[in-house]
Amino acid sequence: MEKIFIDSYGNLLKKGVKQAGPALKLLGNPIELDKAFTLRSFLLMIRRYPELKNLSAILDSLLEIISENDSVGDKINDIESLVFYKTIEIQGFPGKPKLTVYNSLKGVIQKKTKDLKFFHPEALLDHTLTLGNLKHIVFGDKEDIFEYETVYTLFELVEGVAWELSFNFNPLQCSIRR
């Protein structure tokens, strides 16, 4: 399948040509993100290709956040960037062997990943978002993790980011301010 390039404005490009839609036909295509791609770019893509909202009920709420936060450039200092990556975890003895594959969206600070569950989506909008290597965890050993280059599809990005951000919905008004 042909690679889809997603620019920092949320446009899907195939062979350098902006795709008008429908984007659903591109869900299985591998993707590449612009170096300036941010979480805001992701939400602009969802706004530009509204049929993608059908992949997750949370996307409408995320679009409201971007509509209410039009100013660009607000970043939090607790993280440097965002990374979206896959993990394969193999579990074995004792018990029945099992293979689990899942996606994660994390913050990056000093080359280490950090959970985003205590950050509001509004505070993450302008951090760059990259696609990370696949992490391979064997038998629960989180110390020796192997990493591999991998391919991500448009479906994995949309569904995975929406799923991860669904855990970040504490209203900003409810946060304790210093």
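The shortest distance between side-chain heavy atoms of F84 and L129 falls below 4.5 Å. Contact annotation: the side chain of L154 never approaches that of N29 to less than 4.5 Å [non-hydrogen atoms, C-beta and beyond]. D7 has its side chain within reach of L13: a pair of non-hydrogen atoms, C-beta onward, lies under 4.5 Å apart. Inter-residue side-chain proximity for Y148 and L134 is flagged as met; some heavy-atom pair is nearer than 4.5 Å. In this structure, L116 and L105 have side chains that are in contact, with non-hydrogen atoms separated by less than 4.5 Å. Within the 4.5 Å cutoff, no side-chain heavy atoms of N11 are placed close to those of L44. A heavy-atom distance below 4.5 Å is not found between the side chains of T100 and I88. At least one side-chain heavy atom of L157 sits less than 4.5 Å from a side-chain heavy atom of I6.
Listed here is the closest heavy atom pair of K114 and F119: CE-CZ, 4.1 Å. Of all heavy-atom pairs between V158 and F42, the closest is CA-CE1, 3.7 Å. Between L99 and I90, the closest heavy-atom pair is CD1-CG1, 3.5 Å. Here the closest heavy-atom approach between residue T128 and residue S81 is recorded as OG1-CB, 3.4 Å. The two residues K3 and I31 come nearest to each other via the heavy atoms CG-C, 4.0 Å. Of all heavy-atom pairs spanning A36 and S8, the tightest one is O-CB, 3.7 Å.
Between E164 and K106 there is no salt bridge, since no side-chain N of the basic residue sits under 4.0 Å from a carboxylate O of the acidic one.
Separating the CG atom in L82 from the NE2 atom in H127 is a distance of 6.5 Å, to the nearest 0.5 Å. Between L55 atom CG and W163 atom CH2 the span is 14.5 Å, to the nearest 0.5 Å. M45 CE to R40 CZ: the interatomic distance, rounded to the nearest 0.5 Å, is 15.0 Å. Summarising the geometry, atom CG belonging to D126 is positioned 8.5 Å from atom OG belonging to S41; distances are rounded to the nearest 0.5 Å. Going from atom CG of L131 over to atom OG1 of T150 covers 9.5 Å, rounded to the nearest 0.5 Å. The distance from the NE2 atom of H136 to the CD atom of E147 is 12.0 Å, given to the nearest 0.5 Å.
In this structure, a donor-acceptor pair under 3.5 Å is absent between the side chains of Q19 and Y49.
The same ILVMFWY cluster, assembled from side-chain heavy atoms under 4.5 Å apart, contains both L63 and L12. Taken together through direct or relayed side-chain contacts under 4.5 Å among Ile, Leu, Val, Met, Phe, Trp and Tyr, Y152 and F5 form parts of separate hydrophobic clusters. Both V161 and L24 are members of a single hydrophobic cluster when ILVMFWY side chains are connected at heavy-atom separations under 4.5 Å.
Geometric assessment of K135 against the ring of Y85 yields a positive cation-pi assignment under the 6.0 Å and 45° thresholds.
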Step-by-step side chain to side chain contact (heavy atoms under 4.5 Å, CB included) determination, Y102 to E89: CA-CA 9 Å; Y102 56 92; E89 197 165 345; 3.2 Å; yes
Step-by-step side chain to side chain contact (heavy atoms under 4.5 Å, CB included) determination, E156 to N103: CA-CA 8 Å; E156 287 175 308; N103 293 314; 4.2 Å; yes
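Within the 3.5 Å criterion, the main-chain N or O of Q110 finds a donor-acceptor partner in the side chain of E80.
For the side chain to side chain contact (heavy atoms under 4.5 Å, CB included) test with L165, the passing option among L62, L43, L59 is L62; the others fail.
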